[in-house]
Amino acid sequence: MSRAKIMIVEDESIIAEDIADSLESIGYSIVGIVASGEEAIVLAGKLQPDLVLMDIMLQGEMNGIAAAEHIQSSYQIPAIYLTAYADEKTLERVKDTNPFGYIVKPFEEKNLHLTIQIALQRHQYDSLTNLPNRTSFRGRVNEILAGGSQGSQGKLEEKKRGFLSLLPILYLSLDRINRVTGILGHSNGEIVICSVAKRLLNSVEGIDLLARLEAAEFAIILEPVKAKNDGANIAQTILDVISQSVVLEGYEIYVTASIGIAFYPEDGMESEELLKNANTAMYYAQQKGGNNYQFHRSEVNFISREQLALETSLRSALERTEFKVYYQPQVNIKTGKIIGAEALLRWHNPEKGLVSPAEFIPMAEEMGLIIPLGEWVLRTACRQMKMWQEAGFCQMRVAVNLSRRQFKQKNLSDRVSRILKETGLEAKFLELEITESMVMQNEAAAALVLKEWQQLGIKISIDDFGTGYSSLSYLKDFPFDIIKIDKSFVSNIREDRKTAAITIAIIQLAHSLNLKVIAEGVETPEELDFLWENECDEIQGYLFSPPVPAEEFEKLLKSGRRL
Ligand code: C2E
Ligand code: CA
Ligand code: CA
C-alpha cells in the first residue's frame, strides 16, 4: 500500500514539527505544513493530500473549522481536528461539520494513528457512495446519445458513428455478496465492494462510466464498440478482474459477478430501457450460476419479467393467506394403515392459479422468504397434527420439509422446540425432512443441529435418498431415523433391473442401521408389490392418495381406509 499523504495545518510550528516527525515515523508522508486556513485551502487544492490535520485556532482571519469545511466540500479531502481546548460550543460547531475525527491536545501517538486510520477508511467508503449514481448514469447516456445525433466533422464524426452503431450498457451484480457481508460484517463488505469497483476503474480499459445503483449493483457504460463481441470481451475482462482475490484483514476473499449486456440501439433507445434490459440479462447470468455475462434477449426479458411479477406476488402471499398446507398420507405397508402425513405447501395465486412448490420454493429461498414461510408451514402442520391426535388418531406423526436456508438458520432448534411447545405436539410425532446435500454441505454444523434434534426427540428423515451425494458412510455417523427412497427409483423398479437391485440394497442397508424406509411416489400396484416383497416399511404416493387439503385428509382418516 502506498503511504497516505497528510497535510498539517497548525500555527505553532514546534507542535507542527512534532506531529510531522511522529507521523513520518509511523509511515505517513507529510506533504505540507501551513499555519493559516487560507493557505491550507490553496495548498490542499494543489497537493491533494489524502487527509488534513486541522488545528482550530489559526493565524489569519479564517478558523480551522471553516477551512476544513471548504477543503472537504471542494476537494473531498477529509479533515481531522486537532485542538488544545474543547469547550462545548466549539465541539458543537465541529460536530456540525461532520468531521472525520477529533483529537484533543496533548494526545498519544497511537490515538492519532488510529484516528487517522479510521478517517482514511471511512473516507474510502464515502468515496464509494461518491461514485456516480443512477442519475449520473442516465445523464451520461443521454449526453452520449445526444452527441451522436448532432453530427459534426472529421474524426469526431467517425468516432460518433462508431458508437452510434453499438453502445454497450452493462448491469453488474456481485454474486452472493450477502454471504461476504454476513461473514465479514457490513463495513468490511463495503470495503470489498469498494476495492472491486476501484480495481475495475483502474485496470479495465474501455469503461466510460461506472455508476453504483445499489449496494452491490453497478451500471457500466462502455465506450462504443464496432461489434457485440468487443463488448463481450470487455465484460469478460471485467469478470476476470473481479475474480482476483481481495485481501482483507489477512483473509483472501473471492468475489464473482453476473453481468447483463444491452446494446444501444438494438436493445433500447434510451437509458432506462437499456438499463432494464441489461438488468434482465444479468438475472439470466445469475440463474446460470453467476460469474458469467449474458446478452439481452427478448425472450429472456419475457421470462424474467414474469418471474419478477411472481416474486412480487410471492412476497405478499403470506399476508394474503394464499398458502395452504396439504397432507399426503404415509401408509404402513404391512398393516395398510395411515401412520402419518407429509406436509406439502401449496400456493393459490389469484391470477396464476396453483403454483408448484418446485417453482416457488427456490424463489422463496432466494428471497429469504422461506424463513417465515417455512416456519408457518411447521406451525400449521404441528397444530393440525395435534388436533387430529386429540380427535383420536393418537399415534400419527407429521413430516415437514426443511429448506437449505432454514437448515442453516442459527437458532433453528430453538425455533422448532418453541413451535412444539406452542402447539402442544410431542417432539416424537414431528419428523423433519432434509436432503443429503444439506448435510454434506457443512457436516460439522449439520452434526450439531441433528444432535440437538435427536435430544429433543424429533425424528429425522433423509429426503430424495439416492439422488444427491452418495456418501453412504454418513448414514451411520448421523442420527437419522428414516430414509425416503426417491420416486425416481420407485418408478423404474419394474423396467430397470439395476434400479431394482439398488432399491433392495438401500432397504437392506437402512435396516442394518436400524433405519426405517419409506418409498415415495408409489403409483402402481406393481411398485407396491415389489416394495412389499422387499420389506420396505412405509409408502407414500398417488396409489393411495395424492397430497390433499386438511379437511379431506380428515375424511380419509375417519373413513378408516386402508391400502
Ligand atoms: P418432496 O419433498 O420430494 O415431495 C414429494 C413430492 O412428490 C410432492 O410434490 C408430492 O406431491 C409428489 N408426489 C407424491 N406422490 C407422488 C406420486 O405418486 N407420483 C408423483 N409423480 N409425485 C408424487 P410437491 O408437493 O409438488 O412438492 C415438490 C417439492 O417441493 C417437494 O419435494 C419439496 O422438496 C418441496 N416442498 C413442498 N412443500 C415444502 C415445504 O413446506 N417446505 C419446503 N422447504 N419444501 C417444500
Ligand atoms: Ca419431502
Ligand atoms: Ca422427496
Side-chain angles (χ1 to χ4, degrees), residues 314 317-318 322-331 338 340-348 353-385 397-409 412 415-416 419 430-438 459-468 480-494 506 517-528 530-531 536 538-550 552-553 556 563:
L314 185 58
L318 195 55
E322 289 169 11
F323 292 110
K324 232 179 143 165
V325 178
Y326 275 40
Y327 298 87
Q328 184 172 38
Q330 299 177 323
V331 183
I338 298 177
E342 176 174 3
L344 291 157
L345 189 55
R346 294 291 176 266
W347 179 23
H348 292 273
L354 202 66
V355 186
S356 157
E359 192 174 342
F360 72 81
I361 297 248
M363 218 189 269
E365 178 121 6
E366 276 262 299
M367 294 159 63
L369 198 70
I370 196 71
I371 300 288
L373 186 56
E375 200 160 313
W376 178 82
V377 173
L378 189 62
R379 184 175 292 113
T380 308
C382 289
R383 189 179 292 143
Q384 182 62 68
M385 191 45 73
R397 58 165 208 253
V398 67
V400 176
N401 293 283
L402 284 190
S403 79
R404 199 168 290 280
R405 187 135 167 188
Q406 272 179 295
F407 189 60
K408 280 199 222 147
Q409 213 185 350
L412 179 63
R415 300 184 91 94
V416 174
I419 287 173
L430 174 65
E431 177 184 324
L432 293 177
E433 298 195 0
I434 54 175
T435 62
E436 297 165 273
S437 65
M438 279 155 72
K459 299 273 178 296
I460 306 162
S461 71
I462 302 200
D463 205 355
D464 307 337
F465 187 80
T467 60
F480 299 124
D481 301 283
I482 297 154
I483 284 181
K484 299 191 78 171
I485 299 182
D486 189 67
K487 53 180 172 289
S488 59
F489 287 92
V490 175
S491 57
N492 282 318
I493 283 170
R494 284 293 168 196
I506 293 175
V517 186
I518 303 186
E520 294 191 274
V522 179
E523 293 180 354
T524 67
E526 292 77 29
E527 288 162 4
L528 178 65
F530 177 92
L531 293 162
C536 180
E538 294 162 4
I539 64 123
Q540 179 184 338
Y542 295 166
L543 178 67
F544 186 77
S545 165
V548 291
E552 271 180 58
F553 189 87
L556 208 60
L563 191 62

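Order of listing sets the numbers, starting from 1, for every ligand and every atom in it.
In this structure a side-chain-to-backbone donor-acceptor pair under 3.5 Å is missing from D464 to D486. Between the side chain of E359 and the backbone N or O of S356 there is no donor-acceptor pair closer than 3.5 Å. Without hydrogens or angle criteria, R494 side chain to E526 main chain gives a donor-acceptor distance under 3.5 Å. The main-chain N or O of T380 is never found under 3.5 Å from a side-chain atom of Q384 such that the two would form a donor-acceptor pair. Listed for the E527 side chain is a donor-acceptor partner under 3.5 Å among the backbone atoms of T524.
The CD1 atom of I371 lies 4.0 Å from the CD atom of Q409; values are rounded to the nearest 0.5 Å. With rounding to the nearest 0.5 Å, the separation of CG in L345 from CG in N401 is 9.5 Å. Between atom CD1 of residue I434 and atom CZ of residue F480 there is a gap of 5.0 Å, rounded to the nearest 0.5 Å.
Pocket lining of ligand 1, defined as residues with a non-hydrogen atom under 4.0 Å away: Q328, E342, L344, L345, R346, P357, I361, V377, N401, L402, S403, D463, D464, K487, E520, G521, V522, E523, G541, Y542, P547.
Looking at E342 and the Ca ion (ligand 2) together, the shortest N, O or S contact belongs to OE2.
For the side chain to side chain donor-acceptor pair (under 3.5 Å) criterion with K484, the lone passing option out of E342, E538, E431 is E342.
Any protein N/O/S atom under 3.0 Å from the Ca ion (ligand 3) was counted, giving 4 altogether.
Using modelled atom types and a 3.5 Å distance limit, the side chains of Q330 and Q540 yield a donor-acceptor pair.
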